[in-house]
Amino acid sequence: MIIKENISLKEFNTFGLEVKAKYAAQVFNNRELKEILSSTKFKNIPKLILGGGSNILLTNDYDGIVIKISIGGIKIIKEDKDIVFIEAGAGVTWNALVTYCVEKNFGGIENLSLIPGTVGAAPIQNIGAYGQELKDTLFSLKGFYIDSIIEETFQNNECKFGYRDSIFKNELKGKFVITSIVLKLNKNPNLNISYGSVKNEIDKLNLKKITVREVSNVISEIRRNKLPDPAVIGNAGSFFKNPEVLEQKFLEIKNNYPDVIAYKQENGNYKIAAGWIIEKCGWKGKRVGNTGTHEKQSLVLVNYGGADGKEILSLAKEINRSVKEKFDIELTEEVNIY
Ligand code: EPU
């Protein structure tokens, strides 16, 4: 295995930030991962596990070892006439797994088409889009505790999944590395086209029968139209979570801003579209130095080129300050900040 020293991470984070890591290694299987975790040289230095680097903001050089997980493989491990269990290595590109499943007409992750990143990163923030979340189909996952190198399997209910949240972002942050996941998918899927924009586009196609392929195509198209491609302009998708507020607070906002975009939650609270809030504070498409918010989606912060992580973080703080002032709401970051 090749371990590089003093390496630029620019290619390894979708913000395209130029930071350096003291050491970096790429692992292609469990054996290589265990080798690094147990080596005396690296045992006691900080470790940063990287997937696609599409949900991180690197604000400093990393004085430790960056381990890029490139464990591949997709296979069917069990199936009957209705259900199929698929195992995928943590290093598989998330959308490659979606494409594999869509082509076989296995339903359950088609609404998560074109989300950047890798399979191993998907459970960490319980990726979600257009009415589907990973937690709806994740059956179990495997990985290693970084300190003890003990392998562990987590069942779905042990992952403490929440909205863009899991045990791996909290108690186990920096302590556990995911090596593979198992999804439970449906061969006769119930398609979810409840999202307004998805339904509109599907209706336009005027089809007799809708399949996972059409849903996947429509969602990919919506994403391409609305979200900036990190290969063209650095970004990490939604920067903040959509805040949840009490009904009382929602009504106050609605009173002042009848156009507020919000979704009622099962517990009676309301989730307000953070993109809408940020736009209302005047930030949509605004550029500050080398950073700014995307012109079509103010929830996405972008690097116009040459920005550093601190600059993006300071823009995020500035946005949060104005949101607090105007709406008395505190936004929380969705991206992981290092
Ligand atoms: N909106 C505005 N102004 C903006 C941006 C959005 O008014 O600048 C409005 C939109 O018109 C829409 C509403 O806010 O009515 C919600 O916007 P959108 O449908 O784009 O969804 P979102 O809540 O901003 C979430 C996820 C996305 C996911 C989409 C689609 C979070 C933090 N983000 O965004 O996920 O793709 O829903 O389901 O929950 C990501 O996590 O990185 C991500 C891109």
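Treat the numbers as computed from the prediction; the structure is a model and nothing was measured. Throughout, numbering of the chain's residues begins at 1 and tracks the sequence.
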Stepwise, does the side-chain contact (heavy atoms from CB on, under 4.5 Å) test hold for K142 with E151? CA-CA 7 Å; K142 272 190 192 156; E151 192 171 25; 3.8 Å; yes
Is there a donor-acceptor pair under 3.5 Å between the side chain of [X] and the backbone N or O of [Y]?
| X | Y | answer |
| --- | --- | --- |
| N225 | I222 | no |
| N242 | A274 | yes |
| T14 | N235 | yes |
| K47 | I45 | yes |
| E158 | Q155 | yes |
| Q132 | N111 | yes |
| N126 | A122 | no |
| N192 | G131 | yes |
| K310 | T59 | yes |
| N13 | G53 | no |

So Q125 and I127, side-chain contact (heavy atoms from CB on, under 4.5 Å) or not? Walk me through it. CA-CA 5 Å; Q125 60 152 336; I127 57 170; 3.9 Å; yes
Hydrogens and angles aside, do [X] and [Y] bring a side-chain donor and acceptor to less than 3.5 Å of each other?
| X | Y | value |
| --- | --- | --- |
| S322 | E325 | no |
| S70 | Q26 | yes |
| T293 | S298 | no |

Linked, directly or transitively: [X] and [Y] (ILVMFWY side chains, under 4.5 Å):
| X | Y | result |
| --- | --- | --- |
| I277 | I253 | yes |
| I233 | I115 | no |
| W283 | L301 | yes |
| W94 | L114 | no |

About how many Å separate [atom2] of [Y] and [atom1] of [X], when rounded to the nearest 0.5 Å?
| X | Y | atom1 | atom2 | result |
| --- | --- | --- | --- | --- |
| T332 | D165 | OG1 | CG | 9.0 Å |
| L299 | K284 | CG | NZ | 11.0 Å |
| L50 | Y62 | CG | OH | 9.5 Å |
| L58 | I312 | CG | CD1 | 9.5 Å |

Tell me, yes or no, whether the heavy-atom count around [X] atom [atom1], taken from other residues, nucleotides or ligands under 6.0 Å, exceeds 12.
| X | atom1 | value |
| --- | --- | --- |
| K324 | NZ | yes |
| N190 | CG | no |
| K187 | NZ | yes |

Can you tell me how the ring of F154 sits relative to the ring of Y145, calling it parallel under 30°, perpendicular over 60° and tilted otherwise?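 Correct class here is tilted.
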When the aromatic ring centroids of Y23 and F42 are compared, is their separation below 6.0 Å?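 Judged by ring-centre distance (under 6.0 Å), Y23 and F42 do meet the cut-off.
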Under-4.0 Å salt bridge between K271 and E244: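 Salt bridge between K271 and E244, a charged N being under 4.0 Å from a carboxylate O: no.
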Could you point out which residue of V212, I83, I86 forms a side chain to side chain contact (heavy atoms under 4.5 Å, CB included) with L185?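 Testing each of V212, I83, I86 against L185, the sole residue satisfying side chain to side chain contact (heavy atoms under 4.5 Å, CB included) is I86.
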For ring-ring contact (aromatic ring centres under 6.0 Å, His included), just list the numbers for F139 and F85, CA-CA rounded to whole Å, side-chain angles, deciding distance to a tenth of an Å, and then say yes or no. CA-CA 8 Å; F139 182 74; F85 291 84; 5.0 Å; yes
